[in-house]
2 protein chains.
Amino acid sequence: MRIEDEIKQAHFQDEHQKAIINLIYTSGWLQLRQACAFKRFALTSPQFNILRILRGQHPQPATVALLIERMLDKTSNASRIVDRLEEKKLVTRTVCPSNRRAVDIRITPAGLALLDQIEESGVMQAAAHASLSEAEARQLNDLLDKMRDTD
Amino acid sequence: MRIEDEIKQAHFQDEHQKAIINLIYTSGWLQLRQACAFKRFALTSPQFNILRILRGQHPQPATVALLIERMLDKTSNASRIVDRLEEKKLVTRTVCPSNRRAVDIRITPAGLALLDQIEESGVMQAAAHASLSEAEARQLNDLLDKMRDTD
DNA sequence: TGCAAATATATGTACGTACATTTAATGTCG
DNA sequence: CGACATTAAATGTACGTACATATATTTGCA
């Protein structure tokens, strides 16, 4: 369905304006699908992303600073997302011995098992599936990269 | 800058996976720019969007249901966004006489003046500016519309 | 008429985001 | 050494989102 019909707005100033609305709308649509997929595992998308970053580091620990660097959303509050993962025993927090200001965050066996379970379930593929060909996906990547070329 | 470098992730499963990350990242990047632009007017993006919808209806009122229908984010809580606009005297709420369950929401002269001021300031153009040609923007719109074709 | 279902909005709760401030540990330089 | 800046994380506050539930009004139908 075209964006005009999705949001019941017949006219846009120009194609750029429309692309921006379309982009934000489509991103929301995707994120809703992802959130939906994670819900049966009692995880949110940011929680899932942090678990994946921690698995990437495992068995090394990560600091909050490293999580922020790797997260899509730089300004999100990693500290509080880790709070929730810690409550669920999916990660541990220990004071870093070599720098007692920092905190070593590690994924637990339960966290690793949960990631495996999610990946086996195939919900990722379902949520990520989009009706684009390989070439179209590549084209989309190029356009998005170019779009951000203003800095 | 390419998405690989933006989020310091060298590899993606495939071009689709990358496009999804890229899309969500680019949408966040755009929304941050928009939020920044509105901040000097003490408005958030959802508040601005609701004001625009109300101007579109003006001098007719809108109901909460109409706002939700027109908003990008269908599940957002229009009622509470209207609360904040009402506190700022940018909109009024009155019980709809013909259907006392519904609420007539109207933009005030102050709300109209604020929209004018924002548009005169040119921040919209600045936030919306993207380095895509007209043809590229159209291509992007087509790809995004196609991407959502799964329902 | 009267009562249940449907409708319109508001409210509650958990979570995330944006940004400012606080707390604690470390580095630095006189 | 000791004051001061810097760094790492946590905390506070306002706002938005997602979803469940509550409240009030209207509608429909026995």
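The shown structure was predicted, so the numbers you read here are calculated from the model rather than taken from an experiment. In the text below, chain A, chain B and the rest are named by the order of the sequence lines, each starting its count at 1.
- The side chain of B:Ser79 sits closest to C:dT11 out of D:dG16, C:dT11, D:dA8.
- Following rounding to the nearest Å, A:Arg100 (CZ) and D:dT7 (P) show an atom-to-atom distance of 20 Å.
- Residue A:Thr63 is in sugar-phosphate contact alone, with no base atom involved, counting any heavy-atom pair closer than 4.0 Å across all strands shown.
- Protein atom CZ of A:Phe38 is 16 Å distant from nucleotide atom C1' of D:dA18, rounded to whole Å.
- Going from atom CG of A:Leu32 over to atom P of D:dT17 covers 12 Å, rounded to whole Å.
- Along DNA chain D, the nucleotide nearest B:Ser98 and the nucleotide nearest A:Ala102 are compared for position; the residue whose nucleotide lies closer to the 5' end is A:Ala102.
- Separating the CG atom of B:Asn77 from the P atom of C:dT11 is a distance of 10 Å, rounded to the nearest angstrom.
- Residues B:Leu144 and A:Lys18 form no side-chain contact, since every pair of their non-hydrogen atoms from C-beta on lies 4.5 Å or further apart.
- Contact check, B:Gln31 against C:dT17: no side-chain N or O comes under 4.0 Å of OP1 or OP2.
- Each of A:Ile81 and A:Cys96 lies near DNA chain C, and the nucleotide nearest A:Ile81 is the one positioned closer to the 5' end.
- A:Asp104 places its CG atom 13 Å from the P atom of D:dA8, with the value rounded to the nearest Å.
- If you measure from atom CH2 of A:Trp29 to atom P of D:dA18, you get 15 Å, rounded to the nearest angstrom.
- In this model, the phosphate group of C:dG16 is approached by a side-chain N or O of A:Thr44 to a distance below 4.0 Å at OP1 or OP2.
- Proximity of B:Lys39 to the phosphate of C:dC19: a side-chain N or O atom is located under 4.0 Å from OP1 or OP2.
- Residue A:Arg93 places at least one side-chain N or O closer than 4.0 Å to OP1 or OP2 of D:dA10.
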- Task: Test B:Leu67 against B:Leu54 for side chain to side chain contact (heavy atoms under 4.5 Å, CB included), laying out the working first.
- Result: CA-CA 8 Å; B:Leu67 294 179; B:Leu54 289 173; 4.1 Å; yes

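- When the P atom of C:dC19 is taken as reference, atom CZ of A:Arg80 falls 14 Å away, rounded to whole Å.
- The shortest distance between the side-chain N/O atoms of A:Arg84 and the OP1/OP2 oxygens of C:dG16 is below 4.0 Å.
- Projected onto DNA chain C by closest heavy-atom contact, A:Lys88 and B:Cys36 fall at different nucleotides, the more 5' of which corresponds to A:Lys88.
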- Task: Go through the steps to decide whether B:Arg55 and B:Asp116 satisfy the test side chain to side chain contact (heavy atoms under 4.5 Å, CB included), and finish with yes or no.
- Result: CA-CA 11 Å; B:Arg55 183 178 57 182; B:Asp116 285 346; 4.0 Å; yes

Can I get a per-line list of side-chain donor-acceptor pairs under 3.5 Å for residues 94-104 of chain B, giving both atom names and the distance, sequence neighbours left out?
| unit_1 | atom_1 | unit_2 | atom_2 | d |
| --- | --- | --- | --- | --- |
| B:Asn99 | OD1 | B:Arg101 | N | 3.1 |
| B:Asn99 | OD1 | B:Arg101 | NE | 3.2 |

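- Checking D:dG16, D:dA18, D:dA10 against the side-chain heavy atoms of A:Val103 singles out D:dA10 as nearest.
- Listed candidates were D:dA9, C:dT17, D:dA18. Nearest to the side chain of B:Asp73 is D:dA18.
- In this structure, A:Arg40 places its CZ atom 19 Å from C1' of D:dC19, rounding to the nearest Å.
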- Can you check side chain to side chain contact (heavy atoms under 4.5 Å, CB included) on A:Ile21 and B:Leu72, steps first, answer last? CA-CA 8 Å; A:Ile21 302 287; B:Leu72 281 191; 3.8 Å; yes

Only distances under 3.5 Å count here; give the side-chain donor-acceptor pairs of residues 78-91 of chain A to other protein atoms, sequence neighbours excluded, each with its distance to 0.1 Å.
| unit_1 | atom_1 | unit_2 | atom_2 | d |
| --- | --- | --- | --- | --- |
| A:Asp83 | OD1 | A:Arg93 | NH2 | 2.2 |
| A:Glu86 | OE1 | A:Arg93 | NE | 3.2 |
| A:Glu86 | OE1 | A:Arg93 | NH2 | 3.2 |
| A:Lys88 | NZ | A:Ala42 | O | 2.8 |
| A:Lys88 | NZ | A:Gln47 | OE1 | 2.7 |

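- Counting atom types as modelled, B:Arg101 pairs a side-chain N or O with a base atom of C:dT7 as donor and acceptor under 3.5 Å.
- Residue-level contact check: B:Asp83 touches neither bases nor backbone, having no heavy atom under 4.0 Å from any strand.
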